[in-house]
Amino acid sequence: MAIHLRLQPDARRAQLLEVGFRLFTERPYDDFSMDDVAAEAGVSKGLLYHYFPSKRQLYTAALKKAAASMLAATEPEPGQPPDVQLRRALGAYLDYVREHAPAYRAVLRGGIGTDPEVAAIAEDFRRTVLDRLRQGLSLDPADPRLRTALRGWIGLVEAASLDWIEHGELARDELLGVLTGALGDLLRRVRPERGPTLT
């Protein structure tokens, strides 16, 4: 029988979430059970199921936590010029990717196939990033050309970031320059009348 310290409910839930997410990032989804999570956390299986009635619920809660952490780390700084805001937010994004590579992979790639709730977590993250770009760069949210270009750029950032943490061949600032330059090129193509937005 597991022996566990008495924690306040919020603290206990946070502890179980942390343990579960660590296991999810270290092993494939199907390679461990809720019994393993309970043992790792030093709690009874019944207590674990009290907070997370299924492995899937624990997994989706862990992914939401990781996505929220990524958004908090990349919160824009109001009052700065658009190019400064972009470089700072994107730099923070790359720092998060480098420091939390397993969590980043988990949020983008998931671990349980085409589960719609898992896909929605990543999509909500992308939607927030898209809204931040529109606001920070003063872009028209109703322009379909801009929406398409920005969504394509977000996909580029994700794919490039995954490649970066797998191969590690580019310096962080070199990748930052590639990505900001790509966004500037896209914006010049879809709205040439406005001229360059980013430097």
Side-chain angles (χ1 to χ4, degrees), residues 25 60 62-199:
T25 58
T60 55
L63 288 185
K64 288 176 182 177
K65 179 179 182 292
S69 296
M70 290 170 63
L71 289 174
T74 57
E75 186 74 35
E77 296 182 34
Q80 298 292 331
D83 59 327
V84 173
Q85 284 196 57
L86 176 69
R87 289 188 68 85
R88 286 184 178 174
L90 187 55
Y93 181 94
L94 294 177
D95 291 339
Y96 185 95
V97 168
R98 181 171 53 194
E99 293 165 16
H100 305 88
Y104 183 74
R105 289 190 190 97
V107 169
L108 292 186
R109 292 179 170 170
I112 48 179
T114 57
D115 184 280
E117 188 173 357
V118 171
I121 294 167
E123 185 57 28
D124 286 346
F125 176 83
R126 294 180 184 114
R127 192 176 298 111
T128 300
V129 172
L130 177 62
D131 290 342
R132 286 179 175 180
L133 284 168
R134 285 169 168 163
Q135 292 172 11
L137 299 174
S138 300
L139 301 177
D140 180 3
D143 188 332
R145 298 172 306 161
L146 289 172
R147 184 197 64 242
T148 300
L150 293 177
R151 287 300 299 258
W153 182 77
I154 291 169
L156 169 65
V157 170
E158 292 177 356
S161 297
L162 287 169
D163 181 84
W164 181 52
I165 57 180
E166 287 176 8
H167 298 286
E169 296 168 335
L170 294 180
R172 178 258 203 193
D173 288 348
E174 187 176 6
L175 179 57
L176 180 61
V178 168
L179 295 174
T180 54
L183 180 57
D185 289 343
L186 274 172
L187 292 178
R188 281 187 285 273
R189 285 184 175 276
V190 297
R191 54 173 205 171
E193 72 284 355
R194 291 286 299 273
T197 301
L198 304 172
T199 57

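Numbers here are sequence positions counted from 1.
- For the pair Q80/R87, no side-chain contact is recorded, criterion being any heavy-atom separation below 4.5 Å from C-beta on.
- Residues R127 and D124 form a side-chain contact, since some pair of their non-hydrogen atoms from C-beta on lies under 4.5 Å apart.
- Side-chain atoms of E117 and K64, non-hydrogen and from C-beta on, do get closer than 4.5 Å to each other.
- Scanning both residues, T74 and A92, for their nearest heavy atoms gives CG2-C, 4.0 Å.
- Judged purely by atom type and a 3.5 angstrom limit, W153 uses its side chain to pair as donor or acceptor with the backbone of L179.
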Practice problem: For side-chain contact (heavy atoms from CB on, under 4.5 Å), just list the numbers for Q85 and Q135, CA-CA rounded to whole Å, side-chain angles, deciding distance to a tenth of an Å, and then say yes or no. | Solution: CA-CA 11 Å; Q85 284 196 57; Q135 292 172 11; over 6 Å; no
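- A salt bridge links R151 and E123; the closest N-O separation between the charged side-chain nitrogens and carboxylate oxygens is under 4.0 Å.
- Listed for the H100 side chain is a donor-acceptor partner under 3.5 Å among the backbone atoms of Y96.
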Self-check item: R191 and L139: CA distance, side-chain angles, deciding distance, side-chain contact (heavy atoms from CB on, under 4.5 Å) verdict
Solution: CA-CA 10 Å; R191 54 173 205 171; L139 301 177; 3.2 Å; yes
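- The residue from L186, V190, L183 that alone fulfils the side chain to side chain contact (heavy atoms under 4.5 Å, CB included) condition with L150 is L183.
- Across all their heavy atoms, I165 and Y104 have their closest contact at CD1-CD2, 4.2 Å.
- Looking at W164 and L94, their side chains come closer than 4.5 Å, going by heavy atoms from C-beta outward.
- You'll find the side chain of L162 stays beyond 4.5 Å of the side chain of V97, heavy atoms only.
- Nearest heavy atom pair, residue P82 against residue L137, reads CB-CD2, 3.6 Å.
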Quiz item: Going through the distances and angles, do F125 and I121 end up as a side-chain contact (heavy atoms from CB on, under 4.5 Å)?
Solution: CA-CA 6 Å; F125 176 83; I121 294 167; 6.0 Å; no
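- A 4.5 Å side-chain heavy-atom check between R132 and L71 finds at least one atom pair inside the cut-off.
- Side-chain atoms of R145 and R189, non-hydrogen and from C-beta on, never get closer than 4.5 Å to each other.
- Residue G91 comes nearest to L176 through the heavy atom pair N-CD1, 3.8 Å, listed as atom of the first residue, atom of the second, then distance.
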